[in-house]
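Please read the structure below before turning to the comments.
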Amino acid sequence: MSEQDHRFSPREVRLQKLQHLRERGIEPYRATRYEVTALAEQVVSQFEAYEGHVVRVAGRITAMRRHGRAAFIDLRDTSGRIQTHWREDVLGPSTYELLDDLDLGDFVGVEGTVFKTRRQEVTVEAQAVEVLAKSLRDLPEKRHGLTNIDLRYRQRYLDLIANPEVRRVFEIRAEILAYIREFLKGRGFMEVETPVLQTIAGGTEARPFETYHNALGMPLYLRIALELHLKRLIVGGIDRVYEIGRVFRNEGISTRHNPEFTMLELYQAYTDFHGMMELTESLLGGLAVHLFGTPDVPYQGTVIHWAPPYPRVDLVERLFEKTGVRWETIQSREDAHALAQRLGIQVDPRFDRAQVMDKIVGAVVEPDLVQPTFLWHHPVDISPLAKRDPQAPHLAERFELFVAGRELANAFSELNDPLDQRQRFIEQQKARLAGNDEMPPLDEDFLLALEHGMPPTGGLGLGIDRLVMLMTDSPSIRDVIFFPTMRPLA
RNA sequence: GGGCCAUUAGCUCAGCUGGUUAGAGCAUCCGCCUUUUAAGCGGAGUGUCGAAGGUUCGAAUCCUUCAUGGCCCA
């Protein structure tokens with residue numbers, strides 16, 4: 001290396017080192033396997049068992065402390081960090097000089113004897129080393145890590161290297177998914193996969209992404225919900241069925257919204273929304289205890305108590321308590337906008353009655369629901385797929401679960417009256433024609449399935465990303481999705 | 001869509017009431033160092049100050065527009 005090296009970029013310096021290694025007969029990308037006999041964390045935590053024995057460890061170099069003819073080289077593998085010690089008189093000058101061409105970020109394998117240093121650090125005294133891969137780019141600075149939030153999402157691998165706590169969030173995410181699958185298996189549910197590409201994106205109200213199938217010569221849409229296909233499977237006799245899958249909504253991006261996110265939807269025949277409440281409480285209470293050994297989990301400064309039972313709050317009654325207004329007295333779009341104005345709630349003037357009422361509930365009822373709470377008894381006119389309450393036919397057998405003021409789950413006694421369902425779809429078409437472009441088109445194929453007969457069924461949808469946020473104390477949905485949707489760099 | 005904020009070295013950041021040649025730590029490069037661990041000691045270079053215009057004798061700094069991102073609102 002000459003004194004002119006400062007004129008080269010970090011990448012150019014590393015390319016020169018790569019070339020130098022090759023000139024010495026070492027090909028850093030040739031190694032295909034390295035027989036690892038111990039993980040870093042094992043050697044450290046089980047030092048007594050490993051002391052004096054030879055181990056083979058492999059990992060990324062995260063620190064180099066050189067002391068002339070000896071050096072401490074930290075390696076990081078999937079389990080953690082271990083220190084290795086390289087001595088020129090042990091390795092021989094030619095091997096020891098490899099250090100001149102190694103950088104932070106390179107992968108090496110080290111074989112050597114386990115010992116403890118004066119400072120009582122468990123260390124591998126290298127007897128043989130092997131270059132396993134060279135890194136051509138600098139890693140983020142180690143003291144502060146990578147804090148540029150944009151880069152953390154765009155180059156998540158650097159975030160994972162620099163900020164070890166990030167990995168913990170995704171480990172919990174994986175554990176949550178595993179627990180849900182285990183729980184549902186225990187209750188006799190079958191996991192299925194249904195189409196992502198659909199000719200009609202229904203099951204909720206949202207703008208879909210549109211694409212085009214060349215061979216069929218027709219537009220297709222990415223699903224916005226799992227609902228309508230899973231109900232077809234209920235019709236087909238799979239009495240307990242669920243899917244955990246990605247759904248796509250062509251809407252804004254925020255700390256709570258990513259255009260693609262993960263939903264759990266499950267359907268159980270011969271039960272209703274009360275059954276779904278019991279299942280939801282049992283699932284979530286058990287999950288918290290499984291993850292943390294306690295049902296009390298902190299979220300953004302508040303402790304959430306996940307243990308069942310959760311309070312049931314009647315939406316219409318709570319709205320009346322908060323505003324003095326009964327939902328059924330708001331008959332028109334104009335009434336709804338007038339109420340919003342009286343309450344000082346800003347709404348899009350183009351909103352129809354149901355959209356305005358939804359906004360009002362969101363503003364006056366939902367923020368108070370910090371501890372897990374079932375908000376139930378939604379009006380039928382905002383619940384097009386839910387059964388009517390026989391005692392109050394304008395209200396639906398439906399609930400939404402709120403936690404930390406946000407909707408986490410949505411469930412109902414599924415509407416299985418094909419004629420009522422058709423009428424509700426027709427109402428949606430009126431709203432669609434009136435300009436509400438979140439309304440799905442009428443789905444004749446689904447109605448055909450319903451007309452063949454669907455048993456009484458309880459259904460539940462639950463936002464996995466929001467659940468992971470709550471369980472990992474993450475303020476943004478981007479903290480629980482490895483690669484959130486980002487505008488590409490120019 | 002609206003408001004506020006941010007963008008300076010590979011990374012984390014200072015500098016901003018306009019004023020000499022834009023700084024620090026980590027990382028990098030050179031030299032020394034065989035039990036260090038934010039190793040240490042000595043030396044060196046970091047750069048289209050997000051982009052384009054404008055004001056000015058003079059702009060990282062002030063103004064405008066744009067780009068990207070963040071937070072809040074819709």
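Every chain is numbered from 1 and lettered A, B, ... according to where its sequence line falls, protein lines coming before strand lines. What you see below is based on every heavy atom in this structure, not just the backbone, and it leaves out hydrogens, waters and symmetry mates.
One C1' atom belongs to B:C4, the other to B:A59, and the distance between them is 24 Å to the nearest Å. Taking atom P in both B:G18 and B:G58, the straight-line distance is 15 Å, to the nearest Å. If you take atom C1' in B:G15 and the same atom in B:A6, they sit 16 Å apart, rounded to whole Å. The same atom, C1', is picked in B:A60 and in B:A52; the two are 16 Å apart, to the nearest Å. Across B:U21 and B:A67, the matching C1' atoms stand 31 Å from one another, rounded to whole Å. The gap from the C1' atom of B:A24 to that of B:A9 amounts to 11 Å, rounded to the nearest Å. Nucleotides B:G25 and B:G45 are separated by 13 Å at their P atoms, to the nearest Å.
Looking at the side chain of A:L104, the nearest of the listed nucleotides B:U28, B:U34, B:U35 is B:U28.
If you take CZ of A:R66 and P of B:A39, they are 15 Å apart, rounded to a whole angstrom.
The phosphate of B:C29 (OP1 or OP2) has a side-chain N or O of A:K17 nearer than 4.0 angstrom. Residue A:R118 places at least one side-chain N or O closer than 4.0 Å to OP1 or OP2 of B:U36.
Side-chain atoms of A:R65 and base atoms of B:U36 include a donor and an acceptor less than 3.5 Å apart.
Relative ring orientation between A:F374 and A:Y310 is described as tilted, the plane-to-plane angle lying within the 30° to 60° band.
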